[in-house]
Enquirer: 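Next up is a structure, given as structure tokens.
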Amino acid sequence: MMAWLWLLCALLPAFMLSATANTPPAFASNMSVVTLPEDLQLGAVAFWIVATDNDNDQLTYGISGPNSYFFSVTPDTGEVKLASLLDYELETLRHFTITISVNDHHNSPVQKETQVFVEDRNDNAPIFQNSGFSTNISETLPVGSVVFSVLAEDKDTGAAGVVKYFIEKVIPSTDDSKNLFRILDNGSIVLSDRLSYNNKSAFYQLELKACDSGGELNNNFIIQCSQPVFLSISVIDKPDLDPQFVREFYSASVAEDAALGTSVLKVEAVDGDKGINDKVTYSISNSTRPGWFSIGGEDGVITVGGPLDREQLLNENEEVQIQVTATEKNKNIYGQDAKTSMWVTIRVTDVNDHKPEFYNCSLPNCSFSPQEAQVNFIGFVDEHTSARIPIDNLTMVAYDPDQGDSGTFLLSLTGTDAEAFNVSPERAAEYVNVQVVVRNSEMVDYEKSTVMSVEVVATDSVSKNFSVATVTIYLRDINDHRPMFSQSLYELTVPEHSPTGFLVTSSIKATDQDKGEWGRITYSLLPGNGEDLFEVEPNSGNVTVKNGTLLDREKQAMYYLTLQATDGGNQSTTTTLQITLLDINDKTPVVQGSYNIFVPEEDGNVSVTIQAYDEDQPDTDNSRLLFSLLPGPYTHNFSIDPSTGLLRNLQPLDREAIDPALEGHIVLTVHVSDCGVPPLGTDVNVTITVEDINDNLPVFNQSSYEFFVKERDPGKLVGTVEAWDADQTEANNRISFRLSGIGVNNFMIQGNVLKQGLAKGDIWLLPDVSLDYEAQKFFNLTVSAENPGPQDLDSTADVTVFVLDVNDEPPTLDAASLKSISVAENGSQYGKVAQVIANDVDTDSLLQIELVDVICTKDNIDVGNVCRGWFSVDVNGSVYINQSEAIDYEACHLVMLVVRAYDCNTDSRFEAYSSNGSLSIVIEDKNDNAPYFLPDNQTFVIIPELVMPGQAVASVQARDEDSQQNGIIQFSITKADFVSKSGATSPVQVFRISPSVEGNLYTGSIVLVTNLDSTLQGTYQVTVQAQDKPVKDTALETQITLNLFTVDQSYRVRLQFSTNREDVGANVEEIKAALMQATRTTVYVVTIQNINSVARAQVQSYLDAYFVFPNGSALTLSELNMMIRKDQDSLRQLLQLGLVVVSSQESQEPDQSKLLTSVIIGLVVTLLLVLVILTTALLCVRKSYHRKLRAMKAGKEARKTPIETMTTTTAIPGTNMYNAERANPMLDLPTKDLGLECLSSSDLDNVSLNSLDKNAVDLDTDSKEIKKPLPHNSPDLDPEPLSTVLSGKRVGTNGQQQRDLTFTNPALDTTDL
């Protein structure tokens, strides 16, 4: 034993020498500059101080300098968090310097200056320079003028500092004001529409807002806007409007006897410019009765300005129209008078200022002008006229222009002859026709007086004013005797047909006893037989022939006339005249009947007797008749007997020899005369109609015809044929046409009569038939002209119809020329690639090829217009590459050119276009696209002790836009390095890549080849290459470098549980979920094992795990403890699952590499401990004795303390302390009362009382779970004295069951007492 001690003492200096050879740590190369955004949140990780120490010493990190207050650093990890907010807008703090330091506690701290650059963020909203704005503008401000300018500033830079202005709202919010203003980018507010103080608004308030152009803030793109400000705009009124009358219509009434100056009504006008309200003056600018009224220039009161007379306004509806003009005192903005006019209506009412007067007129044609009034009138009446008969020729009207009762008047008669007459009516209003009627007919006697007189009086019924008119009446005498003849019958004779005016008699006279007018006799013939043949001279009574031509003895030989004599009084008497006619040879022979003879030509004969008579006196020469034929074109063919009048033909008749215009009619004139002196004769026509028979054939005007017609023209006229038939009747010369021959069903012939015996036949194409030149170029037809009849005769002619070619057929595309072709992408081909061919059967076709559409597809999906300009089609059908370099297989696989042919000469009636054809152009792929990796934000983390060979630790995905073989991707690892935390790089060969493909997505999995060293700290950098495999083109490639972060064993954390391995394994998913919730990391479980030794906290098993963030960093022990304690829900769940202690794996299982060093150091420490133990052994015996005495004192106190006074709060786990003052949880007494204050805070037992160890997990204060006591080997255990005492206190004084407050703590066991 002593030999070992001497060996250790000899080796101790060597160990101390090795400790002095420690090297200082070094900062990573990227610690010179740090760039931070100004929107970094307080407490957020700003950066990490990264340093490496070759001795693997525990490092402590720090920050110093004037600006170090911005940051707080975790000394153990180097994590730097933001402690004070950054502000880019403070120019002095956009860039500053801090000093970072690292200390390994063996060497002097290493320091380095780090430049901190603050990046601007959009954290400021624009701010208006002023918050209250107001301005005044004229209502005549031109549109487009600047109304006001505002300015807002934004402290941010770049787009976030570019300010834009907006008008959010215009008050008042009307349709007129909505677009009245607009704001420019420079903040100028511009007038967009005309203002109007009166019609729109006199005040506007604009709500303005300023916004920046947007920028990043808290990793989001946002736009900051200012608080709204308001611009008040007052519109200043200008004199641009005329005045306005306050009422739309003014009217009033005034009596016609109103005095001068009488006020009638007041008009009022105001300035149309409400903001100015200029003074208004008034004037009368026009009037229908000038001078009658006047107006006050200042007040607008209309007064009576002259005498009024309603009766002058009867034709004007008793109204006076006055035009009133209102004029503003000052001129308007245009330098003109501002004025307006309005017509005012004034009605003049009536007063009784007129008396009725008389007028010589007839209603309704009376004008009633004052100067036309009369007082003298005349009339006529027959003597002894019956009562109530008015006198003649009296035109008297009484008129009073007043209205109502004032216009009512009474009529009466006065004067010497008033008893003989009456006036009618006796009462009237306004106007009336006045009649004087006979009252006493006996007093109206011509023999007594030839003239009579009366006075008509018209009296106003109200004012009693009257007028008098004198009527002079002239009497007319009457007739009381009639004329007389000397005899009642007079016999007279006259030769027939005496000339007009021939005097028959002049000796017949009548006499009348009356004298004068009444004795004057006139003669007349009364209506009757012969009234139209004779007449009488009215004054002399001579009878003469009135119409000698009508004196015909043969009609009437004797006439009786009545002759009347009438005097001046229209009294008459009559006598009879008997007049006999004497005979003369005045009658021409009369032929009886008419003579129309019908005979057939050739075989027909004429035999007819002319019947005639003479009305002259029978059996005299005046009545004996003779017959003869007058000369004519066909008289030589006939003869007539002079005495009997028998007419015969001399030779056969031929219808065709007769002039056709006569239509077969021969007219012979037979003259019949008498033997009187002079002889009289008459002519009679004998019409002989020679009836036609069908004895002639139709004849064509040509033996053959040629016609031309265009194809595809249905219903057109082809041509016309003509035929003639010599027969002269329609029945025999009617011609019908008929067509025959091959193809005749395409035609029809329509006959038309041109004239008698001449017809034409129009040959037409059928309406539904169109000829086709390409099918048949001509037709040979036969046309027949037929003459209907029993003979059924006809004649024929040849008709040739030539079909003229019309460009009517649409062109067609040659299918062979539309065969699919292939064109390589990316400028591989140029020029012509295809020829589209079109055909047309028409003779004059002129064909062009047109491009109708371009269809671009990729994998049979339409991709729009991407390929539209790649190819062009010439009018001759040549297909050219138009944009060779633009042809891209990856954009479009198949180009479909939709083409059609167009015939420029096609008739406008027909389709000129062919059907659409498609020329498929297959785009051939070229290897013109390199593979590319798909972006992936995934972070790859490797925990060396968890991954096994053959396991995938990372992956990449790549695509190639090329197709088929050109799009196949092959992965390879071109480089793999391990970069340690110190920055040292070393190549490794521990990975391979395994490819897989799904569709066109290629995946390369990075697979581990060998086990990794779990002690290495750093990053594996793996460069992966993706290369395509073209058939003939050059292979293309791309590379990507992956960072595989390693998590070494220093981040391995051990969680100790009070349950066994099997229970922890069953609950491992719940445990991981709770840990992930608390830490927001991925939990990698390494192992779950039972603990063989029994600790004071009853730990039965442990779970080793890593806690890794997505960025590859991992949690340390202290960080894990802090996060678990912050998340109470997760902590409570973990405690329920049995979590007791969180510790580092190194505290339980030292690394094998440090084992030897630990053994040596342990031996040295052991030597020191032996000496210490020997020293403390004596002290412990003494302290044990004092502890037992104090435990007994505690038992006494526990028996005396009531249970109700005890605090029910759970004790601090693992201790016998209730609070920081170390009160005993059982007695609720401080430790000084127990006499334990002598214990030093450095005593091991005191530490044991306060905590299980430094990494024990706090129990939830609300947990009701009671820890199980540790098992003892002895089956029969002595009761713990303090527990026994306290158990007797569980029932309160009130008898209720109290909460169990006992807590078995193996660390404080009084059994030793």
Side-chain angles (χ1 to χ4, degrees), residues 23-53 57-127 153-162 212 214-222 224 981-983 1080 1109-1116 1118-1119 1122-1123 1126:
T23 60
F27 286 106
S29 60
N30 61 349
M31 294 307 298
S32 299
V33 177
V34 174
T35 302
L36 299 175
E38 68 168 331
D39 59 348
L40 190 65
Q41 300 297 317
L42 286 176
V45 176
F47 60 94
W48 292 75
I49 302 176
V50 179
T52 57
D53 187 81
D57 293 331
Q58 179 67 36
L59 302 179
T60 301
Y61 303 93
I63 296 178
S64 60
N67 297 310
S68 62
Y69 66 89
F70 280 106
F71 306 101
S72 63
V73 62
T74 303
D76 296 338
T77 62
E79 180 185 50
V80 179
K81 295 183 178 179
L82 192 67
S84 180
L85 291 176
L86 302 174
D87 190 358
Y88 178 85
E89 284 66 40
L90 296 176
E91 294 186 5
T92 58
L93 296 178
R94 293 183 181 178
H95 165 243
F96 56 86
T97 302
I98 60 173
T99 301
I100 60 175
S101 63
V102 61
N103 188 2
D104 63 355
H105 306 287
H106 295 287
N107 300 283
S108 298
V110 179
Q111 294 184 340
K112 180 181 180 67
E113 285 192 352
T114 299
Q115 305 294 324
V116 178
F117 292 90
V118 179
E119 290 182 343
D120 189 23
R121 289 294 184 267
N122 189 15
D123 60 339
N124 290 283
I127 299 175
E153 292 184 353
D154 193 319
K155 295 181 180 180
D156 295 318
T157 59
V162 177
D212 57 31
E216 184 178 355
L217 181 65
N218 298 326
N219 297 323
N220 293 317
F221 181 85
I222 67 170
Q224 296 267 26
K981 289 188 176 181
S982 62
R1080 302 297 189 268
F1109 287 105
N1111 62 358
S1113 60
L1115 284 178
T1116 62
S1118 61
E1119 294 170 338
M1122 180 177 63
M1123 288 187 174
K1126 285 183 178 179

Enquirer: My understanding is that only residues two or more places apart in sequence, or in another chain, count here; which of them pass side chain to side chain contact (heavy atoms under 4.5 Å, CB included) with T35?
Expert: V33, F117, E119
Enquirer: Can you check whether Y88's main-chain N or O pairs, donor with acceptor, with R94's side chain at less than 3.5 Å?
Expert: yes
Enquirer: With sequence neighbours left out, what residues match S32 under side chain to side chain contact (heavy atoms under 4.5 Å, CB included)?
Expert: K112
Enquirer: Report the C-alpha distance between L36 and V118 in whole Å, list the side-chain angles of each, state the deciding distance to 0.1 Å, and finish with yes or no for side-chain contact (heavy atoms from CB on, under 4.5 Å).
Expert: CA-CA 5 Å; L36 299 175; V118 179; 5.6 Å; no
Enquirer: So, taking the atom named CD in Q224 and the one named CD1 in I127, what distance separates them when rounded to the nearest 0.5 Å?
Expert: 10.5 Å
Enquirer: Can you check whether I222's main-chain N or O pairs, donor with acceptor, with N122's side chain at less than 3.5 Å?
Expert: yes
Enquirer: Under the rule for side chain to side chain contact (heavy atoms under 4.5 Å, CB included), what residues qualify as partners of Q58, not counting sequence neighbours?
Expert: D76
Enquirer: Measure across G215 and A160 and return the closest heavy-atom pair with its distance rounded to 0.1 Å.
Expert: CA-CB, 4.4 Å
Enquirer: Using the test salt bridge (Lys or Arg N to Asp or Glu O under 4.0 Å), find all partners of E1119 that sit at least two apart in sequence or belong to another chain.
Expert: none
Enquirer: For T97 and Q115: C-alpha separation, side-chain torsions, deciding distance, then whether side-chain hydrogen bond (donor to acceptor under 3.5 Å, both in side chains) applies.
Expert: CA-CA 5 Å; T97 302; Q115 305 294 324; 3.1 Å; yes
Enquirer: Looking at CG of N103 and NE2 of H106, how far apart are the two atoms once the value is rounded to the nearest 0.5 Å?
Expert: 9.5 Å
Enquirer: In Å, rounded to the nearest 0.5 Å, how long is the span from CG of D53 to NZ of K981?
Expert: 12.5 Å
Enquirer: Hey, could you give me the CG/CD distance between N124 and E153, rounded to the nearest 0.5 Å?
Expert: 12.0 Å
Enquirer: Looking at E89, I'd like to know if its CD atom is crowded, meaning that more than 12 non-hydrogen atoms belonging to other residues, nucleotides or ligands lie closer than 6.0 Å.
Expert: yes
Enquirer: Any idea which heavy atoms bring V73 and G62 closest together, and the distance?
Expert: CG1-CA, 3.8 Å
Enquirer: Is D154 reaching over with its side chain to a backbone N or O of D156, donor-acceptor style, under 3.5 angstrom?
Expert: yes
Enquirer: Atom CZ of F27 and atom CD of Q111: how far apart are they, to the nearest 0.5 Å?
Expert: 8.0 Å
Enquirer: I'd like to know if the side chain of E38 reaches the main chain of R121, judged simply by a donor and an acceptor atom lying under 3.5 Å from each other, with no hydrogens or angles considered.
Expert: yes
Enquirer: Can I get a per-line list of side-chain donor-acceptor pairs under 3.5 Å for residues 39-52, giving both atom names and the distance, sequence neighbours left out?
Expert:
from	atom 1	to	atom 2	distance (Å)
D39	OD2	N218	N	2.4
Q41	NE2	D39	O	3.2
Q41	NE2	N218	OD1	3.2

Enquirer: Could you grab the distance from atom OG1 of T77 to atom CG of L59, nearest 0.5 Å is fine?
Expert: 11.0 Å
Enquirer: Which residues pass the side chain to side chain contact (heavy atoms under 4.5 Å, CB included) test with N67, not counting sequence neighbours?
Expert: Y69, F70, L93, F96, I98
